[in-house]
Amino acid sequence: MKTRYSHKPCNGFATLSITLILITITTLLTLTVTHIQRLSLIESGNEQRYRKNYMETQSLLDGIAVYLESHYDELDWQGIDSNHQHSEISPDILDFISTTSTANIQLFRKAASSKVISLQLETKDTNDQTIKSSVAIRPHGILTDFGENTPPLVINGCLLSSLGDTQIYPDRTSDDPESILSTATTPCHATDSIDLHGGKISNIALQTTHLWDSLFTVSLDEFKTLAETEAAIIVDISQRQYLIATPEDLIAGTWQTSLGSLESPAILYIPAALNCPGVAGNVTIIGLVFYAGDCSINPLLIQGTVKGALILSSDTHLEGKTATLEHISHSGLENKLAFPITHAPQLPGTWIDY
């Protein structure tokens with residue numbers, strides 16, 4: 001007699017196996033998702049911290065530039081070697097900037113006459129993360145490079161006549177000095193009677209329609225603001241650096257106040273409405289005198305001395321009975337008109353973060 005065995009599927013074991021596999025897969029997926037989320041949170045936190053540090057660093061750089069605009073001449077430059085100098089700024093002076101970082105601010109330049117300085121900034125945040133950045137800054141005053149070293153006489157046009165005894169002394173430090181710069185395309189023969197003291201007459205092609213834009217780094221409106229601000233503080237016009245002549249400043253239609261010094265040259269702007277008043281014989285102006293009007297109708301009588309530059313915005317009849325125009329190098333200064341720093345912009349493309 002044969003016995004029959006009934007083989008039933010192991011349904012319980014299979015179900016358990018599948019369940020364990022599904023639990024394992026779910027666990028791995030959960031762990032993977034959690035890990036990805038954690039990395040995402042870390043990356044997001046790092047991005048926020050980096051953005052915060054970047055914004056604080058940029059804020060510090062902007063704040064330092066603002067500080068340099070009014071304190072550049074107070075920096076204590078120390079020689080590193082014969083061609084390089086170093087200065088340091090205490091971060092305590094930048095208390096107008098809100099930051100949670102500590103900062104080390106260093107300035108470097110190649111020489112005292114260097115036009116560009118390197119600003120190196122090292123900051124450390126509350127997590128002791130150190131960030132180093134560097135940017136090139138070009139401090140400059142109210143005059144352009146051309147304005148700082150312009151010849152003694154600059155004319156937007158031509159001298160139509162020249163009467164009297166006019167003496168023009170060019171840059172004594174130059175091997176090929178210029179006494180007069182003119183925009184005229186043909187020779188101005190009226191200059192033949194002027195003693196140029198070895199200097200030459202050169203032609204200049206303006207990049208703009210006005211001499212002002214070639215000489216100044218600020219607009220005329222900005223200069224007027226500087227002059228008005230200074231006038232509100234300093235009553236004595238002979239002690240000011242930035243002046244706009246008014247009818248009240250003239251005596252018998254003539255400018256009769258000496259201006260400027262070797263340490264603090266002045267800029268005198270004479271508006272067109274004053275009809276080109278003369279300069280009296282006992283007057284010495286160290287700096288720059290800018291005539292904005294048309295001086296081609298009546299002779300411009302210059303009897304005094306201008307140590308720096310006389311700027312004429314039009315064709316001019318010049319009557320200089322005892323006029324003396326000297327390049328600033330004859331005043332014992334450098335061969336440029338140096339005014340206080342008014343701007344310290346960052347040079348585009350020089351920002352480095354490392």
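Note that the numbering runs from 1 along the sequence shown for the chain.
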In terms of heavy-atom contacts, Pro340 and Asp73 come closest through CA-OD2, 3.6 Å
Does the pair Arg138 and Asp145 meet the rule for a salt bridge (charged side-chain N to carboxylate O under 4.0 Å, His left out), with working shown?
CA-CA 12 Å; Arg138 170 62 166 95; Asp145 292 342; 2.7 Å; yes
The reported gap from CG in Asn156 to OG in Ser313 (rounded to nearest 0.5 angstrom) is 6.5 Å
More than 12 heavy atoms of other residues, nucleotides or ligands under 6.0 Å from CG of Asp81: yes or no? yes
Residues pairing under ring-ring contact (aromatic ring centres under 6.0 Å, His included) where one sits in residues 143-168, two or more places apart or in two chains, turn out to be none
Minimal heavy-atom distance between Asp315 and Cys158, with the atoms involved, is OD1-N, 2.7 Å
d(Thr150 OG1, His327 NE2) to nearest 0.5 Å is 7.5 Å
CD1 of Ile137 to CD1 of Ile341, rounded to nearest 0.5 Å, is 11.0 Å
When rounded to the nearest 0.5 Å, the distance separating OH of Tyr291 from CD1 of Ile155 is 13.0 Å
Rounding to 0.5 Å, atoms CG (Asp171) and CG (Asp176) come to a distance of 10.5 Å
Interatomic distance, CG@Leu310 vs CG@Leu325, rounded to 0.5 Å, equals 5.5 Å
| message | In terms of relative ring orientation, are Trp212 and Phe223 parallel, tilted or perpendicular, with 30° and 60° separating the classes? | response | perpendicular
